[in-house]
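Numbers here are sequence positions counted from 1.
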Amino acid sequence: MPKNHKADSIMVITTLLASAGWIFSSEAIQGLPSAGFIGIRFILASLLLLPFCYRGLFSLDRKTLLQASTVGCFLGAAILLWIYAISISDSLGEGAFIMSLSMLLVPIVAWLLFKNRPPRMFWFSLPFAIAGLLFLSQGSVWSLSGSQIWFAIAALMLAIQFNLNSHFAQKIPTLVLTCIQLFVTGLLGITVSLLTETWPELIGIETWGWLGMSVFIATSLRYALQTAGQKNTTTANAAIIMILEPVWTVILSMLWYDQTMGMTKLIGCCLILFSLLIYRVSPKYLLKIKTA
């Protein structure tokens with residue numbers, strides 16, 4: 001299998017693991033403070049990877065270590081905002097679609113950071129994404145809920161992290177970069193938790209089970225696969241494949257929580273997904289249709 005096809009397959013698997021992480025996290029924070037959950041989850045996940053990459057970690061120079069830690073800071077900011085939004089949200093599917101906007105922001109961030117001009121199709125897709133977000137807010141920008149706003153800010157942080165991760169994955173070993181990112185995110189979570197949260201006196205066995213699945217499946221394995229996939233494909237291609245995450249999340253949340261979405265919000269989700277699919281279509285393909 002060619003490297004690019006293998007990378008695409010890895011990214012698809014990543015979207016499945018990421019969507020499962022929404023369920024794991026939503027259940028875990030029923031018994032754990034949200035930032036504390038993130039701290040424990042990501043520190044444990046980084047320690048799981050450490051035995052497989054400690055030699056490469058200790059061989060990094062200070063500059064490379066700082067670069068990898070910077071990626072982790074943006075990941076940490078995105079994750080902490082995301083978990084807070086989950087804690088006050090009534091619909092995981094809706095939040096997942098808003099988070100998918102980060103993939104539309106990826107080309108803009110790449111333009112600002114690395115001078116990579118967005119393709120023309122991006123500008124065609126952007127209005128549909130904006131319209132979709134307005135429909136999610138029930139047609140009025142003034143009715144945006146708190147969770148939607150936090151999801152949107154988290155999406156921006158994730159777009160920055162996604163670009164930096166693709167950039168540094170080309171020169172930093174996959175597991176080393178992943179391990180550093182996860183550890184930095186965990187430190188941020190623990191710090192925020194100690195400053196702002198109160199821990200319960202008793203934590204149930206079920207909560208620890210959800211935490212364990214979050215650590216093993218939705219963090220260690222998910223981010224290792226994502227970094228490996230991004231290493232062998234373009235940033236834009238990886239970003240577009242990630243649009244599958246909200247689709248899986250909607251399906252899982254409907255199955256697990258019996259959640260439903262009103263027609264207005266369903267139209268919003270469809271518009272956002274349509275905007276991402278437009279971005280995937282190449283100008284050459286559109287030209288073939290036009291001349292057919």
Under the ring-ring contact (aromatic ring centres under 6.0 Å, His included) rule, collect the residues that match up with [X], sequence neighbours excluded.
X: Phe124; result: none
X: Phe274; result: Phe128
X: Phe168; result: none

Which residue pairs pass the side-chain hydrogen bond (donor to acceptor under 3.5 Å, both in side chains) test with at least one member in [range], sequence neighbours excluded?
range: residues 198-209; result: Ser193-Trp199
range: residues 42-55; result: none
range: residues 69-88; result: none

Pair [X]-[Y], side-chain donor/acceptor within less than 3.5 Å:
X: Thr14; Y: Gln226; result: no
X: Thr178; Y: Thr227; result: yes
X: Asp61; Y: Thr64; result: yes
X: Arg41; Y: Thr185; result: no

| message | Let me check something: do Leu188 and Leu195 share a hydrophobic cluster, defined by ILVMFWY side-chain heavy atoms less than 4.5 Å apart, either directly or through other members? | response | no

| message | Let me check something: do Leu66 and Ile160 share a hydrophobic cluster, defined by ILVMFWY side-chain heavy atoms less than 4.5 Å apart, either directly or through other members? | response |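 Leu66 does not cluster with Ile160.
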
Please give me the minimum heavy-atom distance between [X] and [Y], naming the atom from each residue.
X: Ser102; Y: Ala155; value: CB-O, 2.9 Å
X: Ala238; Y: Thr233; value: CB-CG2, 3.8 Å
X: Ile38; Y: Ile79; value: CD1-CG2, 3.3 Å
X: Ser214; Y: Thr219; value: O-OG1, 2.6 Å
X: Leu17; Y: Ile217; value: CD2-CG2, 3.7 Å
X: Ile172; Y: Val176; value: CG2-CG1, 4.1 Å

Backbone N or O of [Y] within a donor-acceptor pair of the [X] side chain at under 3.5 Å?
X: Gln230; Y: Phe162; result: yes
X: Ser19; Y: Leu16; result: yes
X: Ser166; Y: Asn163; result: no
X: Ser220; Y: Ala45; result: yes
X: Gln161; Y: Ala78; result: no

Spacing of [X] atom [atom1] and [Y] atom [atom2] [to the nearest 0.5 Å]:
X: Met213; Y: Ile23; atom1: CE; atom2: CD1; answer: 10.5 Å
X: Phe24; Y: Leu252; atom1: CZ; atom2: CG; answer: 8.5 Å
X: Leu57; Y: Leu65; atom1: CG; atom2: CG; answer: 7.0 Å
X: Glu27; Y: Leu32; atom1: CD; atom2: CG; answer: 12.0 Å
X: Leu113; Y: Leu164; atom1: CG; atom2: CG; answer: 6.0 Å
X: Ile83; Y: Ser34; atom1: CD1; atom2: OG; answer: 6.5 Å

| field | Trp248 ring center near Trp256 ring center (under 6.0 Å) | value |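 Between Trp256 and Trp248, which both carry aromatic rings, the centre distance is not below 6.0 Å.
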
| message | Is it the case that atom CD1 in Ile205 sees more than 12 heavy atoms from other parts of the structure closer than 6.0 Å? | response | no

| task | Kindly check if the number of other-residue, nucleotide or ligand heavy atoms within 6.0 Å of CZ (Phe114) is above 12? | result | yes

| said: So if I apply the side chain to side chain contact (heavy atoms under 4.5 Å, CB included) rule between Leu48 and each of Val215, Ile43, Leu182, which one comes out positive? | reply: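 Going through Val215, Ile43, Leu182 one by one, the side chain to side chain contact (heavy atoms under 4.5 Å, CB included) with Leu48 is satisfied by Val215 alone.
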
